[in-house]
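Input: a single structure, listed below in structure tokens.
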Amino acid sequence: MKKNELVLKSFEIAKERYSEIGVDVEAALKTLQDVAISIHCWQADDVTGFENLTNVGGGGIQATGNYPGKARNIDELRSDIEKVLTLVGGNHRLNLHEIYGEFGNKAVDRDQVEPSHFTGWMQWATENSLKLDFNSTSFGHPKSRDLTLANPDKAIRDFWIEHTKRCRAVAEEMGKFQNDPCIMNLWIHDGMKDLTVNRYKYRQILEQSLDEIFATEYLNMKDCLESKLFGIALESYTVGSHDFYLGYGAKKQKIVTLDTGHFHLSENVADKISSLLLYTPEIMLHVSRPIRWDSDHVVILNDDVIELAKEIIRADALNRVHIGLDFFDASINRIGAYVIGIRATQKALLQALLEPIATLRNYEANGQYFERLALLEEAKALPWNAVWDYFCLKNNIAVGENYIREVQQYEKDVTAKRI
Ligand code: RNT
Ligand code: ZN
């Protein structure tokens with residue numbers, strides 16, 4: 001039997017099996033189709049960017065590996081993303097960093113960035129049915145060092161305040177252009193390598209800098225703030241900790257970004273969703289995979305990601321949670337990395353959407369905890385995969401492992417030639 005026929009047949013059986021336990025498969029598929037994932041641009045080039053300045057590295061993050069074929073310029077990056085889009089279903093977003101602007105051959109310092117550096121991106125995004133999200137970039141710059149927005153040195157601090165203000169103006173233009181709010185993430189690495197005795201002071205400075213940055217109200221962009229536990233060479237203290245941004249977000253009604261790699265490894269990030277949603281307007285997610293540390297491994301379909309997806313669906317919060325990805329693995333085929341990560345996130349969402357939630361909630365309300373646990377266990381092995389294959393088929397993209405060949409072909413034709 002041809003593969004497509006098999007997929008259709010399995011899907012029909014799965015649909016019946018799910019309907020027996022009260023799950024509407026067609027509704028789940030429809031919802032999944034509409035969930036836009038904000039695809040990070042920085043997996044394609046190991047977070048290098050294309051500014052014509054000396055990137056001094058550092059800033060607490062690090063891509064490891066030297067697999068050949070990384071995107072060396074904007075055209076190559078666009079071509080890679082276009083390839084990725086042919087291998088995933090749904091309509092998505094592209095998450096840009098300031099250092100990916102179109103600066104031509106000019107050295108445009110970060111306090112000089114303008115919306116015009118991104119009009120090419122806006123055009124290209126429209127042509128590819130993508131919406132854009134944005135990030136200010138405080139790392140990898142001579143003025144970064146250990147402290148940016150929290151720097152007691154006014155000249156340095158003002159430089160980064162100006163940068164971030166300008167980035168908000170860029171995001172506003174993107175939002176206006178695409179007629180849909182651009183989500184702008186603010187992550188700074190500010191911290192210290194060793195024992196720090198002025199923790200309060202730097203946090204107070206950061207609060208003031210943020211207030212100054214957010215003084216301008218915009219209608220077409222939304223701000224979100226991303227915390228971190230520690231950075232490489234900044235292990236002892238992080239100014240923008242989770243507590244800091246949680247407090248700031250709740251007080252000023254700003255979106256808090258949860259990067260799943262920015263917490264203690266035994267912490268349950270999924271459990272934060274319902275609390276945050278009570279006190280902050282929306283949530284931005286950076287779905288990532290930490291291995292021993294914030295290693296930004298490629299997202300896979302593991303329990304953490306499935307739990308995260310389930311908490312979004314259980315809280316009925318798809319309209320308040322922006323799902324973005326954040327990983328950069330330079331040790332494997334980068335296009336393949338994207339596809340694995342995006343598909344894994346969608347598979348997790350699909351599993352969450354196929355959960356027999358009404359029955360589970362009934363059990364819980366009745367104190368039937370054995371029954372709740374048993375059904376949760378059984379649900380893990382329900383034929384969600386047949387629904388997933390059908391989703392791929394319907395979207396006219398490679399079903400199952402077939403995408404491996406396509407990534408290999410693109411490598412042969414395109415990325416392997418980048419030497
Ligand atoms: C760093 C943060 C941040 C970056 C990107 C490049 O630890 O996760 O989101 O990964 O902005
Ligand atoms: Zn992140």
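One-based numbering, in listed order, for ligands and for the atoms of each.
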Worksheet item: Taking just the N, O or S atoms of D259, which one is nearest to the Zn ion (ligand 2)?
Response: OD2
Discussion item. I'd like the atom name of the N/O/S atom in E226 lying closest to the Zn ion (ligand 2).
Written reply: OE2
Fill in: Ionic contact status for E364 with R372, cut-off 4.0 Å
yes
Response to the item:
A student checking ligand 1 against H286 at a 4.0 Å heavy-atom cut-off should list atoms 9 (O)
Item to complete: Output the atom name for the N/O/S atom of H286 with the smallest distance to the Zn ion (ligand 2).
Response: ND1
Worksheet item: Backbone, side chain, both or neither: what part of H189 comes under 4.0 angstrom of ligand 1, heavy atoms only?
Response: neither
Practice prompt. Would you mind listing which atoms of ligand 1 come within a distance below 4.0 Å of any non-hydrogen atom of F328?
Written response: 10 (O)
Practice prompt. Please determine if R314 and E307 form a salt bridge, counting it only when a charged side-chain N lies under 4.0 Å from a carboxylate O.
Written response: yes
Worksheet item: Is the number of heavy atoms from other residues, nucleotides or ligands within 6.0 Å of CG (N319) greater than 12?
Response: yes
Fill in: Electrostatic pair K165:E162 at N-O distance under 4.0 angstrom
no
Practice prompt. Indicate yes or no: does D223 engage K254 in a salt bridge with an N to O separation below 4.0 Å.
Written response: yes
Discussion item. Only heavy atoms of I61, strictly under 4.0 Å: list the atoms of ligand 1 that pass.
Written reply: 1 (C), 7 (O)
Fill in: Ligand-residue contact atoms, ligand 1 with D259, heavy atoms, under 4.0 Å
8 (O)
Response to the item:
shortest atom 4 (C) of ligand 1-to-protein heavy-atom contact is with D326 OD2, 3.5 Å
Worksheet item: Tell me: protein heavy atom nearest atom 9 (O) of ligand 1, and distance?
Response: E226 OE1, 2.7 Å
Worksheet item: Any salt bridge between R78 and E102, counting N to O under 4.0 Å?
Response: yes
Discussion item. Suppose we measure from atom 5 (C) of ligand 1 to each protein heavy atom; which comes out shortest, and what is that distance?
Written reply: H97 NE2, 3.4 Å
Worksheet item: Relative to the heavy atoms of D294, which atoms of ligand 1 are at a distance of less than 4.0 Å?
Response: 7 (O)
Discussion item. Please list, in number order, the atoms of ligand 1 under 4.0 Å from a heavy atom of H262.
Written reply: 1 (C), 2 (C), 7 (O), 8 (O)
Discussion item. Suppose we only allow N, O or S atoms; which atom of D326 ends up nearest to the Zn ion (ligand 2)?
Written reply: OD2
Worksheet item: At a non-hydrogen distance cut-off of under 4.0 Å, which region of K228 contacts ligand 1 (side chain, backbone, both, or neither)?
Response: side chain
Worksheet item: Going by an N to O cut-off under 4.0 Å, is there a salt bridge joining R72 and D45?
Response: no
Worksheet item: So does E76 pair up with K70, basic N to acidic O under 4.0 Å?
Response: no
Discussion item. Tell me whether K252 is salt-bridged to D211, with the criterion being a basic N under 4.0 Å from an acidic carboxylate O.
Written reply: yes
Practice prompt. Using a strict 4.0 Å threshold on nitrogen-to-oxygen distance, state whether R334 and D329 make a salt bridge.
Written response: no
